[in-house]
Participant: 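Encoded as structure tokens, here's the structure I'll be asking about.
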Amino acid sequence: KAGTPVSSLAVGTLIKINENGAPVEYMVVNQGLPSSMYDASCDGCWVLRKDIAESRAWDSTNNDYKNSDIHAYLNGNWTSRYEAGILSQIKQVKIPYQNGTGSGGSVASGANGLRCKSFLLSGYELGWETNPEYFPRDGAKLSYFSSGTSSSANNKRIANYNGSAAYWWTRSPSPDDTDYVRNVFFDGNYGHLGCGGTCGVRPALVLPSTALVDQDLNLIET
């Protein structure tokens with residue numbers, strides 16, 4: 001099939017991926033590996049859902065991402081939104097993550113990263129690597145985002161839910177804590193919320209660099 005490889009798309013480009021048969025916008029947020037913390041599985045076109053999909057709890061027990069309800073959901077029921085010809089193109093990746101709780105774990109990365117197809121972004125990936133006291137070092141900044149908490153950096157993190165800016169989850173637990181998880185405020189700055197609270201879900205995916213979009217930027221099913 002003729003099309004444009006996603007590897008040629010500029011960061012910030014919006015492509016469309018069908019969910020339950022209807023096109024949904026996803027933004028290209030990185031091309032290639034964000035840093036050496038990521039193993040080769042993560043080499044591709046990183047896309048982030050433009051809008052918050054839904055609001056739900058992160059976990060009912062603690063802030064251990066690997067064993068969280070949200071990780072199980074994003075790699076279980078969530079993936080049923082995609083047709084087989086799309087799901088087969090979403091890469092199985094190993095992402096850096098805090099292995100354990102915020103106070104009882106440590107970052108695992110590279111080949112020891114967490115296997116997943118769909119995931120939440122980390123604070124460092126969103127550009128908060130300048131605030132290490134508030135985030136585990138569970139990733140590296142994606143090229144779309146800007147470092148720090150200036151209004152221009154925060155504006156790139158704002159996401160809408162049903163048409164209005166809303167809070168959304170990261171995968172990063174609050175350090176030195178077993179309950180709280182870092183989230184993104186409606187104004188794009190960071191905050192935190194107990195893992196049992198409800199907050200927006202905005203999944204990220206990595207597509208192979210060879211995946212194709214048509215002239216209207218729809219991801220072509222294989």
Side-chain angles (χ1 to χ4, degrees), residues 29 34-35 37-38 48-49 51-78 93-109 112-116 118-142 145-151 153-162 164-204:
V29 289
S35 83
M37 285 186 75
Y38 298 77
L48 175 65
R49 200 179 193 279
D51 292 327
I52 294 163
E54 59 192 282
S55 186
R56 63 191 301 128
W58 201 89
D59 190 68
S60 59
T61 308
N62 60 29
N63 60 15
D64 174 1
Y65 186 66
K66 175 175 64 178
N67 295 303
S68 68
D69 298 338
I70 197 79
H71 170 64
Y73 170 72
L74 286 176
N75 292 279
N77 287 350
W78 171 267
V93 295
K94 290 183 178 179
I95 55 168
Y97 73 108
Q98 177 80 356
N99 185 12
T101 60
S103 65
S106 59
V107 172
S109 63
N112 297 314
L114 182 63
R115 281 174 59 88
C116 54
S118 176
F119 55 95
L120 302 177
L121 293 185
S122 73
Y124 267 59
E125 288 168 351
L126 290 164
W128 285 313
E129 79 274 30
T130 53
N131 306 90
E133 66 273 30
Y134 299 118
F135 294 92
R137 192 175 179 174
D138 52 353
K141 189 181 79 66
L142 305 179
F145 295 103
S146 301
S147 296
T149 54
S150 66
S151 58
N154 287 344
N155 284 341
K156 289 188 168 186
R157 305 182 189 111
I158 293 172
N160 289 341
Y161 182 48
N162 294 335
S164 301
Y167 293 25
W168 52 285
W169 289 120
T170 75
R171 70 171 182 274
S172 303
S174 296
D176 306 319
D177 190 274
T178 61
D179 180 53
Y180 282 87
V181 175
R182 289 288 162 191
N183 64 355
V184 184
F185 275 173
F186 63 88
D187 64 359
N189 212 329
Y190 59 83
H192 67 184
L193 184 67
C195 59
T198 54
C199 192
V201 178
R202 193 184 179 198

Participant: Quick one: does Ser122's side chain have a donor or acceptor within less than 3.5 Å of a partner on Asp138's backbone?
Facilitator: yes
Participant: Can you classify the ring geometry of Tyr190 versus Phe135 as parallel (below 30°), tilted (30 to 60°) or perpendicular (above 60°)?
Facilitator: perpendicular
Participant: May I ask you to test the Pro175-Ser103 pair for a side-chain heavy-atom distance under 4.5 Å?
Facilitator: no
Participant: Under 3.5 Å, side chain of Arg202 to main-chain N/O of Trp169, donor-acceptor pair present?
Facilitator: no
Participant: Strictly under 6.0 Å, is that where the ring centroids of Tyr65 and Trp58 end up?
Facilitator: yes
Participant: When you measure from the side chain of Glu129 to the backbone of Pro132, do you find a donor-acceptor pair of N or O atoms at a distance under 3.5 Å?
Facilitator: no
Participant: Rounded to the nearest 0.5 Å, how far apart are CZ of Arg171 and CG of Leu74?
Facilitator: 11.5 Å
Participant: Please confirm whether Tyr167 and Phe185 have ring centers closer than 6.0 angstrom.
Facilitator: yes
Participant: Check whether any side-chain heavy atom of Leu48 sits under 4.5 Å from a side-chain heavy atom of Leu121, and report yes or no.
Facilitator: yes
Participant: Under a 3.5 Å distance rule, please check whether Asn63 uses its side chain to pair with a backbone N or O of Val181 as donor and acceptor.
Facilitator: no
Participant: Do the non-hydrogen side-chain atoms of Phe119 and Leu114 ever get within less than 4.5 Å of each other?
Facilitator: no
Participant: So, does Asn160 use its side chain to make a donor-acceptor pair with the main chain of Asp51 at under 3.5 Å?
Facilitator: no
Participant: Answer yes or no: is there a side-chain heavy-atom contact under 4.5 Å between Asn183 and Thr170?
Facilitator: no
Participant: Does Tyr73 OH have over 12 foreign heavy atoms under 6.0 Å away?
Facilitator: yes
